[in-house]
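It should be emphasised that the depicted structure is a prediction, and the values quoted were computed from it without experimental measurement. The figures that follow rest on heavy atoms only: side chains count, while hydrogens, waters and symmetry mates do not.
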Amino acid sequence: MVMYAFISGFINELNHIKKQDKSGCGWGGLVCQHSEIRVLLQRLEALESFLCHAERRLTNAGGRDASMVQWLSDVHKTVYDADDIINECTMEQQLRSGNRSITKLLHRGDMAVRIKVINEKLRKALHDATTCHKLGMQQQCMDVAAKQHSGTWRSTFNHLEVVGQRMKKDTDEMVKLLCTPKQGSDQYQVFAITGIGGIGKTTLARRIFDEERVHAEFHVKVWLSVCGDVSDVQLLKEIINGAGGSFLGDGARSDMEKMLVAVIRGKRLFLVLDGLWTVDLWCNLLQDPLKSCGDGSRVLITTRVDQVARSVGAVHLHQVALLSKAESWVLVSKMLAFQEVEENHDSMEIAMKATAKCRGHPLALKLIGGVLGAHAPSDWGEVTESLDDFSVHSEELDFMWAYEALPCHLKPCFLFCALFPENRVITRRDLTQLWIAEGFIKQEENKTVEDLAEEYYSEMISRNLVQPEVEAYEEEVRCTMHQLVRELALQLAQADGFYANHTCSTASTIIRLHLSFGGKTEPPESTTLHDQLRTLAVFESPSMTSDLLNKFIDQIQLLRVLDLRQTEIDEVPDSISALKHLRYLNLSGTNVAKLPNSIKDLYNLRYLCLNSCKKLDSIPTGTTQLYNLRSLDVLHTKLAQLPSGIKNMKNLNSLLGFFVSDVSGSSSLDELKTLSELRELHIGNLNMAKTRGDEILLKKKFLQLLELSWNHEPKQMNINIIKEIQPSTCLQRLTITGFPDKEYPSWLSSPDFRNLAHLVLEHCRFCQQLPSSLGDLPALEYLRITSSKVVVTIKKDFFGKKCFPRLERLVMEKMSKWEKWEEAPDTSFPCLKSLHLKNCNMLISLPRFLQHVTSLTELVIQGADRLREVENFSSVLNLRIEDSTNIEKVSNFSSLKSLKIVKCPALEVVKKMPSLEHLHLVDLAMESLPVWFGRDLNFSLRSLYISANDELLSKLKMGGEESFKVEKIRRFSASTANKSYVISNN
């Protein structure tokens with residue numbers, strides 16, 4: 001479906017050019033006067049209607065329909081040739097500074113001849129489609145398989161909650177087995193989680209890995225995702241670094257094996273090998289080095305193949321079972337939000353029928369929920385009837401129906417994900433920019449292509465084709481692709497010209513359009529690269545060097561995407577200018593120190609990422625001539641200024657790393673005035689600003705993310721300019737770093753910021769008070785305040801009149817003079833779930849109003865040396881108190897499930913915790929159990945973990961003088977800090 005989506009976007013682009021054309025006659029006149037252009041549009045539109053049938057038929061034939069393969073190959077090349085001509089016209093128009101319109105360029109003889117040749121090829125393709133008996137295609141309307149619904153039936157859910165009881169039970173059983181000492185010699189043992197693909201092996205292994213008891217039991221924990229394109233050296237490096245060693249460069253395998261032996265020698269190791277397919281890795285690489293680890297070490301593998309588990313000597317195989325009918329229905333019904341529409345009995349019956357066809361397979365259930373959720377309930381019957389019963393016992397699980405149910409515009413986006421390595425965490429920014437660069441996003445009125453791409457991304461998430469990573473508040477939105485779903489995408493992608501690690505099992509006539517490689521895969525010979533290559537993505541490949549890139553360039557001059565992140569590239573050759581069609585260039589994490597002046601010739605470049613190029617200290621002035629650039633990222637480099645001329649890059653909507661400078665020929669704040677399309681902006685060195693800021697930021701009506709950073713003290717700056725830097729009220733995320741005045745700007749608390757959800761105030765060490773009325777921000781969900789070092793009191797006016805109506809997480813840290821938190825209304829923080837108070841060592845007490853925050857489930861207190869009591873929090877489930885030397889009493893937590901106390905030597909009273917199940921104590925100076933243990937507690941612990949010294953462990957071991965205090969606890973484990981001494985009651 002790549003070609004359908006591309007043609008659709010291409011036609012859309014031609015229509016967009018028609019509107020933008022400045023010639024006297026316009027495109028309307030051109031279509032009348034220039035028959036070849038009119039014919040081109042007509043034939044593209046006619047061809048569009050055949051492609052759905054053609055591509056669906058090829059998919060159903062598994063890519064084995066030779067006639068269809070050849071027809072699609074010819075169409076691919078012809079349409080891309082047409083796109084290249086339009087691109088060349090656009091470039092030439094820019095070269096001539098707009099003095100010549102695209103229409104006149106298309107009238108030019110050579111262009112007209114080339115278009116005439118293309119039209120003839122399109123005529124033949126249309127003729128063959130309708131008359132060739134081997135093809136026999138019919139025109140179709142698109143999206144018949146996926147009538148889109150408004151989304152009423154979608155809901156956000158956590159599938160782990162649905163199968164939580166079974167998962168919890170399996171986790172408990174496996175943890176007990178892993179932590180039970182072996183009789184006699186207890187050298188490392190291997191355990192296995194087995195089952196068919198998509199059944200939850202990795203999920204179970206991850207829960208085990210994250211268990212508190214596992215953390216207490218083992219010196220070292222290492223998680224290793226084993227996939228086919230990762231080299232032995234890379235795997236050894238990951239284990240070494242994960243085990244506390246440091247191996248950053250390259251080295252011989254034999255040297256790394258010796259280092260691994262040294263790093264794990266005598267340590268109790270817990271190693272997870274996720275996705276082990278064969279025994280080769282174990283027998284040839286890991287088996288011998290692991291013999292040096294300490295007694296009690298454990299290896300946990302996940303595999304689809306029971307024989308692999310037996311061959312590596314697993315002492316226990318845990319077979320993950322399919323879900324029951326009841327569990328299956330709970331999962332799907334939560335996805336479809338049936339609790340809101342219970343009266344719709346017919347729809348429920350149809351959904352239950354579709355659920356039954358999945359036979360309890362978790363991944364199939366998630367995918368069918370996504371398919372149904374994308375359709376109106378009135379279409380569910382048709383969708384369900386089209387499904388065959390899912391076969392959970394076949395060697396290859398078939399999820400083709402999930403792909404066929406996609407609307408055509410999403411299919412190339414899905415296939416493109418196959419280019420990323422297995423187990424790769426992908427940011428939404430990367431994925432959406434790449435889709436745009438490839439031309440997969442069809443423009444719409446009043447929406448940017450970035451907004452549309454994010455809508456496509458959300459649709460992929462809702463269909464469970466990509467899985468969202470647990471979102472941290474200050475990290476980019478990220479996702480992964482399940483291995484089975486990636487295998488489907490990879491299989492289908494090859495028929496559409498996508499190749500991961502340049503492997504190809506499809507007919508050679510298919511144009512190799514997209515190529516990725518990395519890990520242990522060697523790069524291809526430059527002579528083997530197809531001249532139609534549009535994507536070259538290289539992932540952390542040590543083999544990819546500047547010399548090799550230079551050799552490639554002659555062969556890849558039609559390239560749209562070049563992704564060289566974290567490779568060994570240290571120089572970009574001047575010949576990069578030959579890539580006239582390039583739209584996306586990613587050099588992040590490389591050793592590139594400078595860019596060539598010839599980069600100015602990349603007229604079509606939309607996205608340039610130089611993030612974390614640690615040696616990069618300047619970029620050429622010609623960069624500002626990249627007028628089509630939409631995103632420039634130079635964060636985490638040595639850059640202190642950008643060249644003058646940024647103001648001319650009027651298509652920029654993301655500028656991450658604009659550094660104000662007073663150096664002649666470099667960027668000043670005035671440069672931002674003309675950049676009206678900005679959605680994301682990071683401004684550094686604001687201490688150099690000489691311009692009124694409100695004139696610059698206030699008019700940025702699309703701005704969603706803004707970071708403002710100052711570097712020096714107030715005496716070096718114009719304070720009036722500082723106060724006037726006011727952004728547009730459309731902001732969603734705002735970070736202010738090093739604000740140099742004594743008072744925060746008054747605009748910060750304006751309720752006009754109706755969309756502001758994330759706010760970070762850090763290192764504002766001169767501000768004497770927190771912003772007043774900050775609590776009136778209506779959409780604020782996350783607030784972090786760090787290093788406000790002169791704030792003594794948080795006053796009531798901080799809460800305003802609305803008292804933070806939607807705030808979910810509050811972090812206050814490194815506030816070294818903060819003593820008092822004034823009382824606020826009991827209705828404050830109605831949505832607060834998590835409160836972190838870290839290194840606020842002068843805080844005397846917690847305000848009483850916090851005890852009325854019934855939504856609060858997590859409370860973390862760290863380094864609060866003057867705090868003496870923490871009590872009366874009825875809703876808190878998880879409490880952690882660390883390094884608070886004077887705290888004496890923790891009491892009355894009626895719902896508390898988990899309590900962790902680290903180095904609180906003055907603590908004498910811990911009581912009234914009837915629901916407590918898990919207790920973790922850490923204090924190397926603790927010579928006996930605290931006086932409150934067993935005396936004031938009226939609960940039955942399920943687990944107790946202690947990290948202390950040898951003396952206390954001797955008292956707690958069986959027969960020791962304090963062993964009776966822990967003998968009835970179901971799960972008990974204690975160890976020294978380095979885990980050289982471990983005891984357990986299992």
Would you call Leu452 and Glu444 a side-chain contact if the rule is heavy atoms closer than 4.5 Å? yes
Show your working on side-chain contact (heavy atoms from CB on, under 4.5 Å) between Leu533 and Leu558 and close with a plain yes or no. CA-CA 6 Å; Leu533 193 71; Leu558 297 180; over 6 Å; no
Could you check whether any side-chain N or O of Arg679 sits under 3.5 Å from a backbone N or O of Glu677, counting only pairs where one atom can act as donor and the other as acceptor? no
Any heavy-atom pair between the side chains of Tyr456 and Ile441 that's under 4.5 Å? yes
Check: Phe420 main-chain N/O paired with Arg486 side-chain donor or acceptor under 3.5 Å: yes
Are side-chain heavy atoms of Leu47 and Val79 found at a separation under 4.5 Å? yes
Any Lys/Arg nitrogen of Arg114 or Asp81 sitting under 4.0 Å from an Asp/Glu carboxylate oxygen of the other? no
Do Asn648 and Gln625 come within less than 4.5 Å of each other through their side chains, counting heavy atoms only? no
When you compare the side chains of Asn628 and Arg630, does any donor N or O come within less than 3.5 Å of an acceptor on the partner? no
Is a side-chain N or O of Trp435 found less than 3.5 angstrom from the main chain of Cys413, in a donor-acceptor match? yes
Do the charged groups of Asp430 and Arg424 touch, with an N to O distance under 4.0 Å? no
Applying side-chain contact (heavy atoms from CB on, under 4.5 Å), run through Thr535 and Phe416 and close with a yes or a no. CA-CA 10 Å; Thr535 302; Phe416 193 88; 4.1 Å; yes
So, do Thr480 and Asn423 sit near enough that their side-chain heavy atoms are less than 4.5 Å apart? no
Taking the side chain as every heavy atom from C-beta outward, state whether Leu465 and Leu410 have any atom pair closer than 4.5 Å. no
Are the side chain of Asn755 and the backbone of Ala757 linked by a donor-acceptor contact shorter than 3.5 Å? no
Distance from Trp401 atom CH2 to Ile368 atom CD1, nearest 0.5 Å? 4.5 Å
Quick one: does any side-chain atom of Asn651 pair with a main-chain N or O of Tyr627 as donor and acceptor, under 3.5 Å? yes
Are any of the side-chain heavy atoms of Asp83 and Arg534 separated by less than 4.5 Å? yes
Within the 4.5 Å heavy-atom criterion, are Tyr403 and Leu488 side-chain neighbours or not? yes
Measuring from Leu602:CG to Leu595:CG, what's the distance to the nearest 0.5 Å? 10.0 Å
Could you walk me through whether Gln557 and Lys580 pass side-chain contact (heavy atoms from CB on, under 4.5 Å), step by step? CA-CA 7 Å; Gln557 296 194 7; Lys580 303 294 187 183; over 6 Å; no
Is Lys124 salt-bridged to Glu120, cutoff N-O under 4.0 Å? no
Heavy-atom donor-acceptor pair, Arg43 side chain to Leu41 backbone, under 3.5 Å: no
With rounding to the nearest 0.5 angstrom, report the CG to CG distance, Leu610 to Asp633. 7.5 Å
